Amino acid sequence: MATEFDVIVIGGGPAGYPCAIRAGQNKLSVACIDEWQNRDGTYAFGGTCLNAGCIPSKALLESSELFHRAQTEFAAHGIGTGAVSMDVNAMQARKGKIVKQSTMGILALFKSAGVTPLQGHGKLLSGGRVEFTGKDGAKSLLSAKHIVLASGSTPMPLKNVPFDGSQIVDSWGALDFTEVPKKLGVIGAGVIGLELGSVWRRLGAEVIVLEALDKFLPIADQAVAKEAARHFQKQGLDIRLGAKVTGCEKAKDGVMLQFTDAKGAQTVVVEKVVVAIGRRPYTAELLGEGTGVELDERGFINVDHDCRTSVPNVWAIGDVVRGPMLAHKGKEEGVVVADAIAGKAGEVNYNLVPSVIYTAPEIAWVGLTEEQAKESGRAYKVGAFPFMASGRARAMEAANGFCKIVADKDSDEILGVHVIGPMAGELIAEAVLAMEYSASTEDLQRTMHAHPTLSEAMHEAALNADKLAIDIPNR
Ligand code: FAD
Ligand code: NAD
C-alpha cells in the first residue's frame, strides 16, 4: 500500500468522495479514508447521505407516495386496483438495493479516477501525517501534501429523551422501521421531521410532531410555510408548535412523551419516537494532539471562505464546517478545494445554495425570502403563479402550491425564488442557474418554456412580477 500521497481525504461522504474524485481528475495522487459501517458490520463509502440520509429517505418517500396516490388518485384516472396493500419489508428491501447500488458505485468511480480507497479510521497528526487504522485494527502512518477533513455530522441527542435504538430512534432508525408504527412521535418539525413524518403518515401511522418554536418553518418564505402547514394538516400530520419536550417515560404500549405548550403541561403516548432536532459536527478521534486545527464553540472546524483551516494545507468541507448541512453544499466545497489544491480557480457561491424539502407538495427555494428582502430595506416586487393554473400540474393531479419570485424593483434582478408544488426540487434548478448569471425577471420572461410543463409556472411567475402573466389575472 502506498503511504505518501498528494492528497488524503478523511471522510467519504458527499463532501469527501467528490473531493477525492476531482483530485484524481486533477492528476494528483489521492487516498480517501472512510469508516462508515452499516448495521451488519459492512463498510460502505457515501457517508450519511448515501447510507442513512438523502438516498434511503427518498427511496421510502417514493414508495409511500405511490402507496398514497394509489389509494387517493387512481380512481380519478379510472384505474381500479382493489384493496391496495403495503409490504414494509419489500419496501425496505428496495431501499437497501438502491443504497447498495449507490455506495458500490463510488468504488467504481474511485477506480476510474485513480483514487485509493481506504476503509477504516483516519486521524490527523501534525506535519502532514495521518494515522490510518484499517478494518483489522492494524495502524499505519500515511503522509500527504494536503489533507482534507470531511468527517460530517451526527444526530443531536435530546438529553431527556435518550436514544435507545428501538423505541426512541434517530433518523437512521426511522428509515429502518420494519412495521408501520400505530402512533409515531416526532420531535422537531425541521426537514427530517417533516420528510420522515410524512413517509410514515402516508403509510398509515398517526403522527404527532412536537416543535419547540412557535413559528412553522422559519427558514422558508412565510407564504410557502403557510401553504405547507395547510397541506400537512390536511394530510393528518398533527404539528404542535411551541411544544417543548421535557422528558419521557416508558409506557405499556410505547413511550410517554412529556411536553409543555401554550396549554400547559401535557403528555402523549406513542409507539415510537424519532428525535430530529438537528445534527452536530462529528470530529471524534479525528484530530491528534498538537495539530493546531481550531474548532468553534459549537464544535465545527473553523475555516475561511475557501475552506482552509487554521493549519496550512489542511482543509475542511461539508457538514463539519459552517453553512447549511446539505449534500450539494459539501460536494461543491469538495470540488472547489480539490481544484484549489491543483492551483485552479473556483469559489462556492454560498448565497445560492438551493434548499429542498421532499414532502408532498415538495418545497424548494434559493436566495432571499420576501421577509428577508423586506428586512433589507430595498424596494422589491413579487411575481407568483399557482399550479392550479398550470395545465400540466392539473393533468398530473398535482395542482397544489405556487411558484413565487422576489426581485429588485429597480434593477429587476431576481433575489429569491420559492416553489411549493410538484417537482419543486427540479424546478428550482432553473432559478439557481438564472441567479448565478444575475438574471432579471425580464430575462426569464423572454426565455421560451416548453408547453405544457411545470416550468411554465416559473415563466408565468416572472411575467406576473411585471403584471404581464398570460394564464392568470395579474394582481
Ligand atoms: P457525511 O455524509 O456525514 O460523511 C462523513 C463520512 O466520514 C462518514 O462516512 C463517516 O463515517 C466518515 N468519517 C468521519 N470521521 C472519520 C474518520 N476520523 N475517519 C474515517 N472516516 C470518518 N442533504 C441534502 O442535500 N439532501 C437531502 O435530501 C438530504 N436528506 C437527508 C436525510 C436524512 C435523514 C439525513 C440525516 C440527512 C440528509 N441530508 C440531505 C444531509 C446530508 O446527508 C448531509 O449534508 C451530507 O451527508 C453531509 O456530507 P459530509 O460528506 O459532510 O458528511
Ligand atoms: P433542522 O434544523 O432542520 O430541524 C430541527 C427542528 O427541531 C427545528 O425546527 C428546531 O426548532 C426543532 N427543535 C430543536 N430542539 C427541539 C426540542 N428540544 N424540542 C422540539 N423541537 C426542537 O434539523 P433536522 O430536521 O434534524 O435535520 C438536520 C440536518 O439535515 C438539517 O440541517 C438539514 O439541512 C439536513 N437535511 C436536509 C434534508 C434535505 O435537504 N431535504 C433532509 C433531511 C436533513
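FYI, side chains are in, hydrogens and waters are out, and symmetry mates aren't considered; it's all heavy atoms of this structure. Read the numbers this way: they start at 1 and go in the same order the structure lists the ligands and their atoms. Computed from a predicted structure; not experimentally measured.
- Listed by number with element, the atoms of ligand 2 under 4.0 angstrom from any heavy atom of Arg279 are 28 (C), 29 (C), 30 (O).
- Of all the heavy atoms of Lys58, the ones lying under 4.0 Å from any atom of ligand 1 belong exclusively to the side chain.
- Numbered from 1 in the order shown, with element, the atoms of ligand 2 that lie under 4.0 Å from a heavy atom of Leu213 read 11 (O).
- Scanning all protein heavy atoms for the shortest distance to atom 52 (O) of ligand 1 gives Asp319 N, 2.9 Å.
- For ligand 2, the atoms sitting less than 4.0 Å from at least one non-hydrogen atom of Tyr358 are 41 (N), numbered in the order shown with element in parentheses.
- The Gly318 neighbourhood of ligand 1 comprises atoms 52 (O), with distances under 4.0 Å to a heavy atom of that residue.
- Proximity of Tyr282 to ligand 1, defined as any heavy-atom pair under 4.0 Å, is confined to the side chain (atoms from C-beta onward).
- In this comparison of Gly188, Ala276, Gly242, Cys54, the heavy atom closest to atom 5 (C) of ligand 2 sits on Ala276.
- When only non-hydrogen protein atoms are considered, atom 41 (C) of ligand 1 lies nearest to Met325 O, 3.6 Å.
- Proximity of Met156 to ligand 2, defined as any heavy-atom pair under 4.0 Å, is not found for any part of the residue.
- Considering all non-hydrogen atoms of both residues, Glu65 and Ala360 come closest at OE1-CB, 3.6 Å.
- Looking at heavy atoms from C-beta onward, Leu175 lies in side-chain contact with Leu196 at the 4.5 angstrom threshold.
- The closest approach between Pro324 and ligand 2 stays at or above 4.0 Å for every heavy atom of the residue.
- Residue contacts with ligand 2, taken as heavy atom pairs separated by less than 4.0 Å, involve Leu210 solely via the backbone atoms N, CA, C and O.
- For atom 53 (O) of ligand 1, the nearest non-hydrogen atom of the protein is Gly152 CA, 3.1 Å.
- With hydrogens and angles disregarded, no donor-acceptor distance shorter than 3.5 Å links the side chain of Glu271 to the backbone of Pro181.
- Residue-ligand proximity, Ile187 to ligand 2, at heavy-atom distances under 4.0 Å covers atoms 19 (N), 20 (C).
- Only the side chain of Leu326 comes within 4.0 Å of ligand 2, counting heavy atoms alone; its backbone N, CA, C and O stay farther away.
- In terms of protein heavy atoms, atom 8 (C) of ligand 1 is closest to Asp34 OD1, 3.5 Å.
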